[in-house]
Each structure stands twice: as C-alpha cells, then as structure tokens.
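To start, the structure itself, in structure tokens.
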Amino acid sequence: MYDLTALRERLRTQRPVPWDQLPDFSLYMDQVLSYMDRQVIRFDEDDGLTAAMVNNYTKSGLVPRAEGKKYNRDHLAYLTAICVLKRVMSTRDMDLLIREELQGDRPISDGYAVFCGSLNKALNAVADEMEDRTGEEELADAAIHFALMSYAAGVASSRYVTLLRQRQEAREEAASAAHAKSKERAKKEKEKD
C-alpha cells in the first residue's frame, strides 16, 4: 500500500516556488519541462508536461509566445497554473480564469501570488482531512470522501466560472455598444461638415 503519510507530507510541503524565486533568466523547452516537474505534485510519468502540450497551450493563447525559443518567469507562472488546473477543468474555463487571474489589471506576479496562496490553502485542507482517514480498511471510504469533496468544489468552481463569463460578456457588450455610439456620433459630425 502506498504510504499515505508521505502523501500527506507532500501535500503539506510541496509548493510552487514564489514569484521572486522563479528563475529570472530565460529557459529552453527541456529546462522548462524539467522545472515544471518540481512545481506541481506528480506521481506518474504520464501526467507530466510535454513540449507538445506547451506548444498547444501557446497556439490556443493560454500561454504567451516564447521569446525566440526561450521561456521566462511569466511563462513559468502560466504553466504552473495550467498544470494544476488542467486536472480539474476544461481548457476554455482555464483560459477565462488565467486571463482574469494572471492577465487582468494587476501584474502577473500578483496574480501568481494569489494563485499560489489559494493552492496552499487547498493542499493544507486536504492534508488536514487525511489525518482522520489513515486506516487501510477505510481506503474506499476515504477515496469516496475526497471524490465528493472534489465534486462539491467543482460545482462551486463551475458556478463562479459561469458568473465570470457573464460579467465578461456584459463588459464586452457595453464596450461594443459604446464603440457603436462613438462611431455613430463621428458619422453625424462628419455629415454636419
């Protein structure tokens, strides 16, 4: 049986590095992939980040384009968020959240700090929940418990994403209406001349 104590310890201690500890120099793709293995909790070789995945995330706009063939601190922040979120949400929802969290009005460093803070709380909460579920005879019960917690958190996350999407669409509609009004005024002004 897998040592649940070791898992609890990893949940309590393994964290993405803070913004100021991300490399402040550019990395090549193989260095990025190696670095990302240390940023997130992984157990299988099959669940790691690949060059093809990075390229797909870049093509879809989730990650900014590399500068030449090099990736900087911003890229590492985006990829850290993606590696965590891809396990629990669609690319479309990730795109919305990453744009809000990392590309909003605040600097990427601030959005990354908020992301890391939330991740820290979530990992600690699960580690705390595991304290009461250590017996081998309770493996199925514990697995169901955590699956149900994931379900409940997923329902809440989905609703928040829907509300964010509605807010974004309302802003876009307002901007489009304001632009149309501005064009109409300009047209009327031109007709007066």
Heavy atoms, side chains only, cut-off 4.5 Å: are R133 and L4 in contact?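 Answer no - side chains too far apart.
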Do L85 and F115 touch side chain to side chain, with heavy atoms closer than 4.5 Å?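 With C-beta onward as the side chain, the pair touches.
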Suppose we screen for side-chain contact (heavy atoms from CB on, under 4.5 Å). Which residues come up paired with [X], at least two apart in sequence or across chains?
{"X": "S150", "value": "none"}
{"X": "D141", "value": "none"}
{"X": "T50", "value": "A52, M53"}

Give a yes or no on whether L123 and V114 share a hydrophobic cluster (residues Ile, Leu, Val, Met, Phe, Trp, Tyr; joining criterion: side-chain heavy atoms under 4.5 Å apart).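 Each belongs to a different hydrophobic cluster.
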M149 and L119: same hydrophobic cluster, using ILVMFWY side-chain contacts below 4.5 Å?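 Yes; L119 is reachable from M149 via cluster members.
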Donor-acceptor pairs under 3.5 angstrom involving side-chain atoms of residues 30-41: please list them, not counting sequence neighbours.
{"residue": "Q31", "atom": "OE1", "partner": "Y28", "partner atom": "N", "Å": "2.7"}
{"residue": "D37", "atom": "OD1", "partner": "R42", "partner atom": "NH1", "Å": "2.5"}
{"residue": "D37", "atom": "OD2", "partner": "R42", "partner atom": "NH1", "Å": "3.4"}
{"residue": "Q39", "atom": "OE1", "partner": "V17", "partner atom": "N", "Å": "2.9"}
{"residue": "Q39", "atom": "NE2", "partner": "T80", "partner atom": "OG1", "Å": "2.9"}
{"residue": "Q39", "atom": "NE2", "partner": "Y112", "partner atom": "OH", "Å": "3.1"}

Between [atom1] on residue [X] and [atom2] on residue [Y], distance to nearest 0.5 Å:
{"X": "T162", "Y": "D93", "atom1": "OG1", "atom2": "CG", "result": "7.5 Å"}
{"X": "R165", "Y": "L163", "atom1": "CZ", "atom2": "CG", "result": "11.0 Å"}
{"X": "Y160", "Y": "L96", "atom1": "OH", "atom2": "CG", "result": "14.5 Å"}
{"X": "T91", "Y": "L62", "atom1": "OG1", "atom2": "CG", "result": "6.5 Å"}
{"X": "L7", "Y": "M130", "atom1": "CG", "atom2": "CE", "result": "4.0 Å"}
{"X": "L76", "Y": "L22", "atom1": "CG", "atom2": "CG", "result": "5.5 Å"}

Those residues that, when tested against Y71, pass ring-ring contact (aromatic ring centres under 6.0 Å, His included) (two or more places apart):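 With sequence neighbours excluded, Y71 shows a ring-ring contact (aromatic ring centres under 6.0 Å, His included) to H75, given in chain and number order.
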Residue pairs fulfilling side chain to side chain donor-acceptor pair (under 3.5 Å) with at least one residue in residues 12-26, sequence neighbours excluded: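 Every side chain to side chain donor-acceptor pair (under 3.5 Å) pair that includes a residue of residues 12-26, provided the two are not neighbours, is R10-Q14, R12-D128, R12-E131, R15-N120, R15-N124.
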Among pairs that include at least one residue of residues 57-69, which meet side chain to side chain donor-acceptor pair (under 3.5 Å), considering only residues two or more places apart or in two chains?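 Sorted result for residues 57-69: E67-N72.
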Taking ILVMFWY side chains as joined if any heavy atoms are under 4.5 angstrom apart, and letting links pass through other members, which residues group with L148?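 For the cluster that includes L148, the remaining residues are I144.
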Which hydrophobic side chains are connected to V155, either touching it within the sub-4.5 Å cutoff or through other members that do?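 Reading the cluster by chain and number, V155 sits alongside Y151.
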Can you name the nearest heavy-atom pair linking A66 to K70, along with the distance?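 The answer is CB-O, 3.5 Å.
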At their closest point, which heavy atom of L11 faces which heavy atom of A127, and how far apart are they?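 It is CB-CB, 4.0 Å.
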Partners of R159 by side-chain hydrogen bond (donor to acceptor under 3.5 Å, both in side chains), sequence neighbours excluded?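 If we apply the side-chain hydrogen bond (donor to acceptor under 3.5 Å, both in side chains) test to R159, skipping adjacent residues, there are no hits.
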Taking salt bridge (Lys or Arg N to Asp or Glu O under 4.0 Å) as the test, write out the residues that go with E9, two or more places apart.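 In terms of salt bridge (Lys or Arg N to Asp or Glu O under 4.0 Å), with neighbours along the sequence ignored, E9 is linked to no residue.
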Side-chain atoms of residues 167-185: list all donor-acceptor pairs with protein atoms under 3.5 Å, sequence neighbours left out, distances to 0.1 Å.
{"residue": "R167", "atom": "NH2", "partner": "E100", "partner atom": "OE1", "Å": "3.0"}
{"residue": "R171", "atom": "NH2", "partner": "E100", "partner atom": "OE2", "Å": "3.0"}

Heavy atoms of other groups near F146 CZ, more than 12 under 6.0 Å: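 For F146, atom CZ is crowded (more than 12 foreign heavy atoms under 6.0 Å).
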